[in-house]
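Input: a single structure, listed below in structure tokens.
Atoms considered below: every heavy atom in the structure, side chains included; atoms not considered: hydrogens, waters and symmetry mates.
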Amino acid sequence: MYYTTGFRRDEIQDLVAIVYEQDQRDATEACLSWPPVLGLFWSVVITLAYLRGNRVQWELAETYGVSQSTVSRAITGVTPLLAQALRSVVPTAEELCADRQYIIDGTLLPCWSWAAVPGLWSGKHRTTGVVVQVAATLEGQLSWISDPTPGSRHDLYCLDQSGALDHLATYPPIGDKGYIGRGMLTPFKKPPGRELLDWQKTFNKSLNHTRATIERVIAHIKTWKVLHTDYRRPYATFKTTISAVIGLIFYTLT
């Protein structure tokens with residue numbers, strides 16, 4: 001079970017309790033948010049397996065001996081409950097420490113191309129998706145993930161929209177060349193007609209070495225394959241799915 005969901009059985013039971021409490025708070029009538037044929041425990045297991053591996057619903061249906069529509073109802077019912085129940089463990093931009101230095105980078109979360117949803121195409125990544133900004137400490141501790149914005153938006157725009165820089169005045173965050181112009185520590189760009197000076201090359205090498213930390217943090221986030229491979233469910237559910245996964249990531253860090 002751990003290798004398909006990323007959680008041990010006792011940890012899943014804790015998540016089941018959290019989801020159940022959230023469902024009771026949200027309930028407006030006497031109906032379950034998950035398929036009765038599965039029950040809450042297996043509905044949570046199937047949802048976690050889907051999020052962890054971005055598995056095809058027909059495959060999950062065959063694995064757990066139910067119909068594809070039952071799997072779909074489980075994922076549809078449990079994912080919003082996870083997102084809502086775990087919201088309190090997800091840090092906001094306001095909670096970033098002003099007296100700490102962070103490394104910030106953006107990453108694309110890919111999805112199918114939806115004709116009715118403009119702005120998903122990212123020229124940088126040559127695919128469709130949404131962009132999130134990620135902040136980590138110099139030691140590699142994940143500290144914050146922004147709300148998603150359409151993939152066509154530049155990292156600088158996304159960071160400005162998040163408001164994170166408003167709370168990091170003491171120590172400028174470290175970023176790549178895409179963040180030049182916001183007072184962050186970024187590599188020097190090669191000027192037209194000449195090479196960088198030796199000390200600038202040394203600075204860039206040192207900064208890029210430090211920035212490797214955020215790449216490892218992002219790689220860890222994307223062990224949740226639903227954030228790493230094309231999202232196939234309706235686009236309207238993508239933001240909730242991202243929130244649920246981010247909640248689970250920070251839940252494991254608490």
Side-chain angles (χ1 to χ4, degrees), residues 4-6 15 18-19 22-23 25-29 31-38 40 42-64 66-87 90 106-134 145-153 158 161-162 221-251:
T4 56
T5 67
L15 284 172
I18 292 171
V19 168
Q22 185 63 48
D23 182 67
R25 287 194 292 269
D26 292 350
T28 56
E29 55 186 51
C31 64
L32 298 176
S33 299
W34 52 87
V37 67
L38 281 174
L40 179 54
W42 288 108
S43 294
V44 171
V45 169
I46 286 174
T47 302
L48 291 174
Y50 162 72
L51 296 174
R52 176 63 74 172
N54 199 14
R55 293 170 64 182
V56 176
Q57 291 182 7
W58 278 110
E59 179 201 356
L60 288 168
E62 185 176 273
T63 300
Y64 292 96
V66 294
S67 67
Q68 178 272 331
S69 60
T70 297
V71 169
S72 179
R73 289 198 303 273
I75 295 170
T76 300
V78 171
T79 303
L81 293 174
L82 281 170
Q84 184 66 24
L86 299 175
R87 180 178 296 178
V90 178
T107 189
L108 185 86
L109 312 181
C111 68
W112 277 358
S113 176
W114 299 94
V117 187
L120 294 178
W121 176 259
S122 169
K124 176 182 177 181
H125 299 278
R126 308 301 297 174
T127 189
T128 49
V130 297
V131 175
V132 294
Q133 301 297 300
V134 180
I145 303 176
S146 73
D147 291 335
T149 54
S152 61
R153 293 293 190 176
C158 302
Q161 290 295 109
S162 74
I221 291 170
K222 290 193 171 183
T223 57
W224 292 86
K225 296 300 183 184
V226 78
L227 302 184
H228 183 55
T229 54
D230 277 354
Y231 185 74
R232 299 182 295 270
R233 295 180 67 224
Y235 180 76
T237 66
F238 196 16
K239 185 174 181 179
T240 300
T241 299
I242 294 169
S243 296
V245 174
I246 290 174
L248 288 164
I249 291 170
F250 280 104
Y251 176 76

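Under the 3.5 Å distance criterion, the side-chain polar atoms of Ser122 are left unmatched by any main-chain donor or acceptor of Thr127. Side-chain N or O atoms of Ser33 include none that pairs as donor or acceptor with a backbone N or O of Gly77 at under 3.5 Å. A distance-only check finds a donor-acceptor pair linking the side chain of Thr63 to the backbone of Glu59 [under 3.5 Å]. A donor-acceptor contact shorter than 3.5 Å is absent between the side chain of Arg25 and the backbone of Ala85.
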Report task. Tell me, with the steps shown, if Thr47 and Trp34 meet side-chain contact (heavy atoms from CB on, under 4.5 Å). Result -> CA-CA 11 Å; Thr47 302; Trp34 52 87; over 6 Å; no
**Report entry** Steps toward side-chain contact (heavy atoms from CB on, under 4.5 Å) verdict (Arg232, Asn54)
**Finding:** CA-CA 9 Å; Arg232 299 182 295 270; Asn54 199 14; 3.5 Å; yes
Requested in this report: Start with the C-alpha distance between Val44 and Leu81, add both sets of side-chain angles, then the distance that settles side-chain contact (heavy atoms from CB on, under 4.5 Å), and finish with yes or no.
Outcome: CA-CA 10 Å; Val44 171; Leu81 293 174; over 6 Å; no
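Of all heavy-atom pairs between Thr240 and Pro80, the closest is CG2-CA, 3.7 Å. Taking all atoms of both residues into account, the shortest heavy-atom contact from Leu120 to Cys111 is CD1-SG, 4.0 Å. Minimum interatomic distance between Leu86 and Gly247 (heavy atoms only, all atoms of both residues): CD1-C, 3.6 Å. The two residues Ala61 and Gln68 have their closest heavy-atom pair at CB-N, 3.6 Å. Closest approach of Pro110 and Leu227 over heavy atoms only: CD-O, 3.5 Å. What you find for Gly6 and Arg52 is that their closest heavy atoms are CA-NH2, 3.5 Å.
The local environment of CH2 in Trp121 is crowded, with over 12 non-hydrogen atoms from other residues, nucleotides or ligands closer than 6.0 Å.
In this structure, NZ on Lys222 lies 6.0 Å from CG on Leu108, to the nearest 0.5 angstrom. To the nearest 0.5 angstrom, Leu51 atom CG is 11.5 Å from Ile242 atom CD1. Distance CD1/Ile75 to OG1/Thr237: 10.0 Å, rounded to 0.5 Å. Here the straight-line distance linking atom CG of Leu109 with atom CD1 of Ile145 works out to 8.5 Å at 0.5 Å rounding. A distance of 9.0 Å separates CG of Leu48 from OG1 of Thr79, quoted to the nearest 0.5 Å. Atoms SG and CZ, on Cys158 and Arg153 in that order, are 8.0 Å from each other to the nearest 0.5 Å.
Arg87 has its side chain out of reach of Ser243: every pair of non-hydrogen atoms, C-beta onward, lies at least 4.5 Å apart.
With Thr241 as the fixed residue, the side chain to side chain donor-acceptor pair (under 3.5 Å) test singles out one of Trp224, Tyr231, Tyr50: Tyr231.
Between Thr4 and Arg55, the side chains place no donor N or O within less than 3.5 Å of an acceptor N or O (distance only, hydrogens not considered).
The side-chain contact (heavy atoms from CB on, under 4.5 Å) test applied to Thr70 returns Pro35, Val37, Leu38, Val66, Ser67, Arg73, not counting sequence neighbours.
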